[in-house]
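So the structure is just underneath, and the comments pick up after that.
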Amino acid sequence: RTAVPTLFVLFGGTGDLAKRKLFPGLYRLYRRGLVPGEFRVIGTGRTSPGGDEAYRALLEEWVRKFAGDDFDDAAWARFAARITFTASSAQDGWALAARVRAAQAQLGPGAETVLYLSVPPTTMEPVVSMLGRTGLAAGARLVLEKPFGSDLASARSLNAALHGVFDEDRLFRIDHFLGKEAVQNILAFRFANGMFEPLWNRDRIAYVQIDVPEVIGIEGRAAFMESTGTFRDMVCTHLFQMLGFLALEPPASLTADALREEKRKVFAAVRDIAPRDVVFGQYDGYRAEDGVDPASTVETFAAVRVWVDNWRWQGVPFLLRTGKAMAESRRTITLGLHEPPTRLFPSAEGTPNELVFDLSDDARVRVEFRVKRPGPRLEVGHAQLSLDVSEAFPGEQALEAYERLLLDVLNDDRTLFTSADEVERLWELSDPVLEGAPKVLPYPRGSWGPDAVRELAGERGWRLPE
Ligand code: BG6
């Protein structure tokens, strides 16, 4: 597939995501020979950085900074020669449409076009209708950044607007957590081994925790946080998607449709979320941040207990927790097993067994268990088996989440993208949480969130910190 000449048009071409992830990601893919030989990029946005040369200079600065050791002057020069900038807006996309047509003509018949919308949620719909009006949408694939709407009504309206211009199979809704290597590793663990899948149910698993604390505060994203909040930013997107992947039934195959169908069934089985299963928090000092309303009640922390009412997971709590300005930065999924039926070892320490997936770029998997302590007495201690996936395959390089997803878009593979139905179902679950949101509780910076969050986890508590 990568042989197909491709034009990549990036809306939000001077934005933060373009800077940190998209251009460094495209450049790395180019260096690894993973983009088509005939590849062009047009950056676009309302304000021009001052022509193509100025744009390339800006990109060079970003890529030097964010592509790290992969930067190479000669390779960059070859890559940058493929990039131009044309200003456009939701009202006026004609100049862009003309440039796109010229680039398509240069790439020749059979060239494909990818449009990537990295624009604020309120601009999405107007941009989509501009894409229809100007003919830019014709035959193109469209990638959409999250957040996808801000509630069920806006997500439905955006889906309707999209379907007026694009077929669903041309739409790639990004949730970059699905691009993390570790997420695909969950599939490999479960379905490429005989050892783990038999554990994957209510008979063996006592709880699941999906924990994404972050040390960073809002890092200049006050406007975004004030209008979005952590629940919309992280829970009804990334954390719910992780839950979908963890909880799904074995699919008939690993095709996009088969996996999505299984994920859809999981979300359909999620019980309405009760207010007692939700804790919202706001870190001390948030209201004093630049650009934040001094009386803001926006949550910078959210923890939710989710129940999946199906045969496999009945009665198993899925505990989701994430927040800014917390004690540590982690992205961890823990499956905790039940205690053995009898306690033969009264001195047994620690939790019985846990399977822990670390979703960081260097994926790790760990099994926590009990072993006999060396020495004369039959005493049991706590130990772990740890696998660093990159060490198991020396010389093989993982793809960063955005790189993986950009590559999948180029290859027209929608497996790791979300569908209209899924997104709407997740808002259906989320709207009542946001409408009936509990009082936002304060928590100190550098902590694990408000005290109330402990009760959610029950007896065995939150599994972080170790
Ligand atoms: C983004 C959120 O989608 O994910 C951010 O908007 C968050 O608030 C980020 O910090 C976390 O992503 P990662 O890949 O660094 O775990």
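On a predicted model such as this, the values are computed, not experimentally measured, just so you know. Numbering of ligands and ligand atoms starts at 1, following listing order.
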On a heavy-atom basis, the closest approach of Val298 and Gly229 is CG1-CA, 3.7 Å
For Val365, the option from Val356, Leu355, Asp388 that meets side chain to side chain contact (heavy atoms under 4.5 Å, CB included): Leu355
Out of all atoms in ligand 1, which are within 4.0 Å of some heavy atom of [X]? Include the element for each.
| X | answer |
| --- | --- |
| Lys180 | 13 (P), 14 (O), 16 (O) |
| Lys146 | 1 (C), 2 (C), 3 (O), 6 (O) |
| Lys324 | 5 (C), 7 (C), 8 (O), 10 (O) |
| Phe177 | 12 (O), 16 (O) |

Which residue holds the protein heavy atom closest to [atom], what is that atom called, and what is the gap in Å?
| atom | result |
| --- | --- |
| atom 4 (O) of ligand 1 | His176 CE1, 3.3 Å |
| atom 5 (C) of ligand 1 | Arg221 NH1, 3.4 Å |
| atom 11 (C) of ligand 1 | Glu214 OE2, 3.5 Å |
| atom 16 (O) of ligand 1 | Arg331 NE, 2.4 Å |

Checking Arg173 against Phe148: charged group under 6.0 Å from the ring centre and within 45 degrees of the axis? yes
Are Phe301 and Tyr443 an aromatic pair by the rule of ring centers under 6.0 Å? yes
If you measure from CD1 on Ile210 to CG on Leu243, what distance do you get to the nearest 0.5 Å?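 Those atoms lie 4.5 Å apart.
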Between Asp233 and Thr230, does any side-chain donor sit less than 3.5 Å from a side-chain acceptor? no
Side chains of Tyr286 and Glu226: do they bring a donor and an acceptor to under 3.5 Å? yes
I'd like the name of whichever of Asp233, Ile216, Thr230 reaches closest to atom 6 (O) of ligand 1 through any heavy atom. Asp233
